[in-house]
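Some notes on the structure that comes next.
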Amino acid sequence: MANKFFRMMSVFLLIILIIGCSKKENTQNAASIDTSKLQSVNMSGQKVFLKYQFKKNDKLRYKLTTITNTLQTVKADTLMKSTADQTLTYNFDIEIMEVDQDNVAELSINISSISFNGNINGEKINYDSKATLSKADKDKFGEFEVIVNSPFRARVNQKGEVLEVTRIDKMVDKMIALRPEMQKMAADQKVALIKNISEGEIRPRTQLLFRELTTNEVAKDSSWQLSSPATIAVFQIENISKFKVEDFVKVGDDKAAKLSASLTSKWTGNKKGSQEGMNFLFDDPKISGGGTILFNIDKGLIIRSETSTTVEMGVQVDGKDAAQKMRHTLRKDLSKNKNIVELL
């Protein structure tokens with residue numbers, strides 16, 4: 001039973017800091033930009049809107065790099081430690097298909113390549129979607145094989161909110177091809193699978209490219225905050241992302257807003273509980289984060305962002321094992337996550 005609680009602890013959500021447009025040749029590549037060295041622009045107190053400017057037929061290319069470091073310790077009769085360091089890189093090709101009267105854009109998005117480098121307890125694991133893979137490796141990295149080169153659609157409004165993700169049928173078909181036993185799924189199971197992929201994986205990852213911003217005009221030193229709910233283990237979490245316009249800067253021939261972001265959280269939930277003879281006591285969850293976002297005001301899109309989150313969790317589980325001997329187990333999880341978005 002202790003494993004049941006441990007699995008529950010392992011489900012850390014992809015916590016997002018809710019913190020086009022063809023490029024001109026004189027626009028800097030995001031990877032070469034040092035946000036600390038950009039030249040300030042004197043706006044003379046002028047206020048601006050941070051609106052995404054979508055135009056039909058425009059194309060965008062983004063790179064998303066996610067770096068994750070985790071440490072897990074479990075203390076029972078002995079102390080066990082587990083570490084994982086992972087770097088995951090996605091390349092997105094985006095085309096604006098339509099823009100409606102409310103300035104909501106329908107985007108065609110294709111994750112054209114994925115690379116993964118990991119070190120799990122000293123074991124190195126690598127994946128490159130452009131490489132020729134054996135059937136065994138395709139099965140091993142099925143979660144990547146399913147989404148790479150499987151175009152989907154997303155609707156995004158002017159403030160950057162991803163309203164919905166659709167047309168992920170190709171991903172489901174590829175998943176079934178990799179797992180033939182899934183061919184016997186009932187219709188309602190397939191609907192649930194589509195929702196799980198779109199809402200649990202594709203939508204949050206797409207939202208990293210289009211950070212949700214304020215609808216109000218802003219000037220230097222303007223600030224605002226956004227809240228989003230989440231669930232971790234037994235806790236209901238309210239993530240609070242705070243933003244501030246630190247400066248207006250020059251990027252190539254364009255003006256950009258340099259934003260700082262910070263993440264705090266509030267939680268509710270019963271830290272103590274019992275189930276099937278097992279008693280558990282959770283530590284207070286600790287969630288924090290911060291980063292910088294560079295938004296091109298003239299073109300209406302994210303140029304670069306780098307944001308990080310840290311999640312710390314702990315639980316004590318007491319109960320009898322199969323031999324009816326009382327066991328006392330402590331588990332601690334520390335997860336650090338960094339997301340870097342770059343306009344290519």
Side-chain angles (χ1 to χ4, degrees), residues 3-4 6-16 60-68 70 84 86-95 97 106-120 123-156 162-210 230-232 335 337 339 341:
N3 286 337
K4 184 172 183 179
F6 292 165
R7 287 195 298 271
M8 180 169 60
M9 281 286 291
S10 296
V11 184
F12 285 120
L13 300 179
L14 176 65
I15 301 175
I16 300 173
L60 300 167
R61 293 188 66 240
Y62 276 103
K63 181 171 76 170
L64 167 63
T65 304
T66 298
I67 303 168
T68 304
T70 61
Q86 305 173 61
T87 300
L88 185 55
T89 303
Y90 302 83
N91 282 297
F92 290 81
D93 295 332
I94 303 171
E95 182 175 359
M97 306 304 291
E106 181 170 350
L107 313 180
S108 175
I109 303 176
N110 183 41
I111 301 174
S112 57
S113 67
I114 301 174
S115 65
F116 172 82
N117 295 289
N119 188 321
I120 316 297
E123 179 185 359
K124 293 185 178 180
I125 303 173
N126 300 290
Y127 168 83
D128 186 347
S129 63
K130 295 180 179 180
T132 302
L133 301 179
S134 66
K135 184 181 184 304
D137 280 340
K138 286 185 177 182
D139 289 341
K140 180 179 179 180
F141 297 105
E143 61 185 294
F144 302 144
E145 288 288 297
V146 164
I147 64 175
V148 71
N149 287 314
S150 300
F152 61 94
R153 296 290 181 96
R155 294 178 64 246
V156 185
V162 178
L163 302 175
E164 66 174 343
V165 170
T166 59
R167 301 193 188 184
I168 65 166
D169 306 73
K170 185 175 180 179
M171 297 182 190
V172 175
D173 291 341
K174 289 169 72 172
M175 181 178 291
I176 292 174
L178 286 171
R179 305 283 187 270
E181 65 274 13
M182 297 178 67
Q183 293 178 1
K184 298 180 180 180
M185 276 194 309
D188 59 337
Q189 291 177 313
K190 188 171 183 179
V191 170
L193 177 61
I194 290 174
K195 183 177 180 181
N196 183 56
I197 295 173
S198 62
E199 295 298 315
E201 166 64 23
I202 303 302
R203 184 175 179 178
R205 210 162 293 284
T206 303
Q207 187 66 76
L208 289 171
L209 308 180
F210 303 99
T231 301
I232 300 180
S335 178
N337 186 80
N339 290 303
V341 174

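- Salt bridge absent: E199 and K195 never bring a charged side-chain N and a carboxylate O closer than 4.0 Å.
- One distance of note links CE of M185 with CE of M175; it measures 8.5 Å at 0.5 Å rounding.
- Counting all heavy atoms, side chain and backbone alike, P204 lies closest to S198 at CD-O, 4.1 Å.
- No side-chain donor-acceptor contact under 3.5 Å links R155 to the backbone of L107.
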Take F92 and L209 through the side-chain contact (heavy atoms from CB on, under 4.5 Å) test and state the conclusion after the steps.
CA-CA 9 Å; F92 290 81; L209 308 180; 3.6 Å; yes
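- Remark: R167 pairs with no residue by the salt bridge (charged side-chain N to carboxylate O under 4.0 Å, His left out) rule, at least two apart or across chains.
- Heavy-atom minimum distance, I120 versus A84: CD1-CB, 3.6 Å.
- The OH atom of Y90 sits 3.5 Å away from the CZ atom of R205 when rounded to the nearest 0.5 Å.
- Of all non-hydrogen atoms in A154 and I109, the two that sit nearest each other are CB-CD1, 3.8 Å.
- Between S113 and S129, the shortest heavy-atom contact is CA-OG, 3.3 Å.
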Between side-chain atoms of residues 131-143 and protein atoms elsewhere (two or more places apart, or another chain), which donor-acceptor pairs fall under 3.5 Å?
{"unit_1": "S134", "atom_1": "OG", "unit_2": "D137", "atom_2": "N", "d": "3.2"}
{"unit_1": "K135", "atom_1": "NZ", "unit_2": "D139", "atom_2": "OD2", "d": "3.3"}

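- Judged as a side-chain hydrogen bond (donor to acceptor under 3.5 Å, both in side chains), and not counting sequence neighbours, the contacts of D93 are R61, S112.
- Closest of all the heavy-atom pairs between V172 and K190 is CG1-CE, 3.7 Å.
- We find the CD1-CD1 distance between I111 and I94 to be 9.5 Å, quoted to the nearest 0.5 Å.
- Taking CG from L64 and CG from L208, the interatomic distance works out to 5.5 Å, rounded to the nearest 0.5 Å.
- Between the side chain of E95 and the backbone N or O of S108 there is no donor-acceptor pair closer than 3.5 Å.
- Across K170 and S150, no two heavy atoms sit closer than the pair CD-CA, 4.0 Å.
- How far CD1 of I168 is from CZ of R153: 14.0 Å, rounded to the nearest 0.5 Å.
- Listed by chain and number, the residues in a side-chain hydrogen bond (donor to acceptor under 3.5 Å, both in side chains) with N110 are N149 (sequence neighbours excluded).
- The residue from N126, L88, I125, D128 that alone fulfils the side chain to side chain contact (heavy atoms under 4.5 Å, CB included) condition with N117 is N126.
- Not counting sequence neighbours, the partners of T65 by the side chain to side chain contact (heavy atoms under 4.5 Å, CB included) test are K63, I67, T87, T89, I340.
- The aromatic rings of F116 and F144 sit tilted relative to each other, their planes meeting at an angle between 30° and 60°.
- Residue E181 qualifies as enclosed at atom CD: its count of foreign heavy atoms under 6.0 Å is above 12.
- K174 is not listed as a side-chain neighbour of E145, based on a closest heavy-atom distance of 4.5 Å or more.
- Between the side chain of Q207 and the backbone N or O of F210 there is at least one donor-acceptor pair closer than 3.5 Å.
- Partners of T206 according to the side-chain hydrogen bond (donor to acceptor under 3.5 Å, both in side chains) rule, which considers only residues two or more places apart in sequence or in another chain, do not exist here.
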